[in-house]
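Take a look at the structure set out below.
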Amino acid sequence: MTAPEAVPAVPELVLFDLDGTLVDTVRDLAAAANGMLAALGRPPAGEARVRTFVGNGVERLVHRCLTGALDGEADAVLFESALALFMTHYARHNGRHSTVYDGVEAGLAAAEAAGARLGCVTNKPRRFTEPLLERLSLLHRFQVVVSGDTTARRKPDPEPLLYALTVLGVARERTLLVGDSDNDVRAARAAGIPVVCVRYGYNHGRDIADSRPDAVLDSLSDLRHVLAPVAGRGRTGEAHP
């Protein structure tokens with residue numbers, strides 16, 4: 001794989017999505033969703049279905065589990081009760097069965113080797129984000145962590161990405177986002193930031209290539225093929241001999 005021309009010539013910051021990009025969290029999310037549904041006297045959603053529901057934040061996940069539809073909207077009173085139940089159950093399960101994807105360590109190392117600082121931008125609430133990263137020995141890798149409630153809006157809105165840039169004082173043209181979903185692509189495009197996506201993540205069962213990121217990676221370890229050539233380019237984007 002060659003480095004896409006859209007990737008910044010001198011990457012100062014690489015931002016990573018969390019769920020579906022760095023960590024497979026579905027087993028914990030499914031356990032929390034099933035606990036919520038059981039408390040409401042409903043049948044479990046199941047891990048496979050929850051995998052297609054993940055994305056857009058906890059609130060959307062709860063709506064989807066209650067209605068069985070990606071764009072479903074549950075009754076407001078039922079939703080508030082269900083959301084509280086989900087939060088309680090997820091607090092018990094967060095990180096218990098989650099696993100770091102193969103290739104993540106190599107991908108983070110490749111970004112650091114290219115001279116970039118690292119950040120994590122997720123729609124997961126802060127009360128769950130930092131404990132999960134800490135439990136999986138990832139928190140120390142990031143110079144900035146932006147959670148779903150850090151800013152007023154979440155991905156696909158560009159605000160969380162732009163907030164991370166402001167905190168670290170990095171220009172958008174020197175930044176790259178690595179994600180797994182259409183949400184990430186839309187947020188990056190709105191922020192004016194290049195984006196590459198992993199193929200294995202959570203994208204509601206759709207091929208992430210259809211969202212037209214700047215590159216699609218089979219493993220995060222493949223990030224080295226994007227960033228290694230970048231590290232040798234000049235500011236014009238031409239490779240040095």
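In what follows, every heavy atom counts, from backbone to side chain, and hydrogens, waters and symmetry copies are set aside. Keep in mind the model is a prediction, meaning the values are calculated, not measured.
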Test item: Asn34 side-chain N/O and Ala45 main-chain N/O as donor-acceptor pair under 3.5 Å: yes

Close side-chain approach of Thr25 to Tyr202, heavy-atom, < 4.5 Å: yes

Reported OG1-to-CE distance for the pair Thr88 and Met36, which is rounded to 0.5 angstrom: 11.5 Å

Return the minimal non-hydrogen interatomic distance between Gly119 and Leu13, and the atom names on each side. N-CD1, 4.1 Å

Under a 3.5 Å distance rule, please check whether Tyr200 uses its side chain to pair with a backbone N or O of Thr21 as donor and acceptor. yes

Do side-chain atoms of Thr175 reach the backbone of Ala171 as a donor and acceptor pair under 3.5 angstrom? yes

Does a donor on one side chain and an acceptor on the other come within less than 3.5 Å for Asp24 and Thr99? no

Taking atom NE2 of His204 and atom OG of Ser181, what is their separation to the nearest 0.5 Å? 6.5 Å

Using modelled atom types only, decide if a donor and an acceptor are shared between the side chain of Thr129 and the backbone of Lys124 within a distance under 3.5 Å. yes

Minimum side-chain heavy-atom gap Val23-Leu18 below 4.5 Å: yes

Quick one: does any side-chain atom of Asp28 pair with a main-chain N or O of Arg96 as donor and acceptor, under 3.5 Å? yes

Looking at every non-hydrogen atom in both residues, tell me the closest pair between Ala111 and Val14 and how far apart they are. CB-CG2, 4.0 Å

Measuring only between side-chain heavy atoms, which start at C-beta, is Arg172 closer than 4.5 Å to Leu165? yes

Would a single hydrophobic cluster contain both Leu162 and Phe142, if residues Ile, Leu, Val, Met, Phe, Trp and Tyr are joined by side-chain heavy-atom contacts under 4.5 Å? no

When rounded to the nearest 0.5 angstrom, what is the spacing between CZ in Arg117 and CZ in Arg174? 13.5 Å

Hey, does Arg212 have a side-chain heavy atom less than 4.5 Å from the side chain of Val185? no

Side chains of Asp214 and Val226 in contact at under 4.5 Å (non-hydrogen atoms): no

Leu220 vs Leu22, side-chain contact (heavy atoms from CB on, under 4.5 Å): CA-CA, chis, key distance, verdict: CA-CA 8 Å; Leu220 206 59; Leu22 299 176; 3.8 Å; yes

Starting from the C-alpha separation in whole Å, work towards a yes-or-no answer on side-chain contact (heavy atoms from CB on, under 4.5 Å) for Leu108 and Leu138. CA-CA 10 Å; Leu108 297 177; Leu138 292 173; 4.0 Å; yes

For residues Val104 and Phe16, determine if any side-chain heavy atom of one lies less than 4.5 Å from a side-chain heavy atom of the other. no

d(Arg186 CZ, Asp157 CG) to nearest 0.5 Å is 10.0 Å

Starting from the C-alpha separation in whole Å, work towards a yes-or-no answer on salt bridge (charged side-chain N to carboxylate O under 4.0 Å, His left out) for Glu73 and Arg60. CA-CA 9 Å; Glu73 291 286 333; Arg60 288 307 314 157; 2.7 Å; yes

Short side-chain to backbone donor-acceptor contact, Glu12 and Ala116, under 3.5 Å: no

Is a side-chain N or O of Thr52 found less than 3.5 angstrom from the main chain of Arg49, in a donor-acceptor match? yes

side-chain contact (heavy atoms from CB on, under 4.5 Å) evaluation trace for Val198 with Tyr101: CA-CA 11 Å; Val198 294; Tyr101 287 108; over 6 Å; no

Ignoring hydrogens, what is the shortest heavy-atom contact between Leu37 and Pro43? Give both atom names and the distance. CD1-O, 3.5 Å

Judged by atom type as modelled, is there a donor-acceptor pair below 3.5 Å linking the side chain of Ser147 to the main-chain atoms of Asp149? no

Work out which heavy atom in Glu47 is nearest to a heavy atom in Ala30; give both atom names and the distance. CA-CB, 3.9 Å

Can you tell which of Leu177, Val121, Val178 makes a side chain to side chain contact (heavy atoms under 4.5 Å, CB included) with Asp184? Leu177

For Asp75, I'd like to know if atom CG has over 12 heavy atoms of other residues, nucleotides or ligands within 6.0 Å. yes

Mind checking whether Leu217 and Arg199 have side chains closer than 4.5 Å, heavy atoms only? no

Pairing of Arg189 and Asp182 as salt bridge, 4.0 angstrom limit: no

With distance as the sole test, does Arg224 use its side chain to make a donor-acceptor pair with the main-chain N or O of Ala106 at under 3.5 Å? no

Minimum heavy-atom separation for Leu61 to Val54, with atom names? CD1-N, 4.4 Å

Side-chain (Arg64) to main-chain (Leu70) donor-acceptor, under 3.5 angstrom: yes

On a heavy-atom basis, the closest approach of Ala209 and Pro213 is O-CD, 4.1 Å

Identified side chain to side chain donor-acceptor pair (under 3.5 Å) partner of Lys155 from the options Asn183, Asn56, Asp17, Asn123: Asp17

If you measure from CG on Leu66 to CG on Leu40, what distance do you get to the nearest 0.5 Å? 6.5 Å

Gap separating the CD atom of Glu130 from the CD atom of Glu134, nearest 0.5 angstrom: 9.0 Å

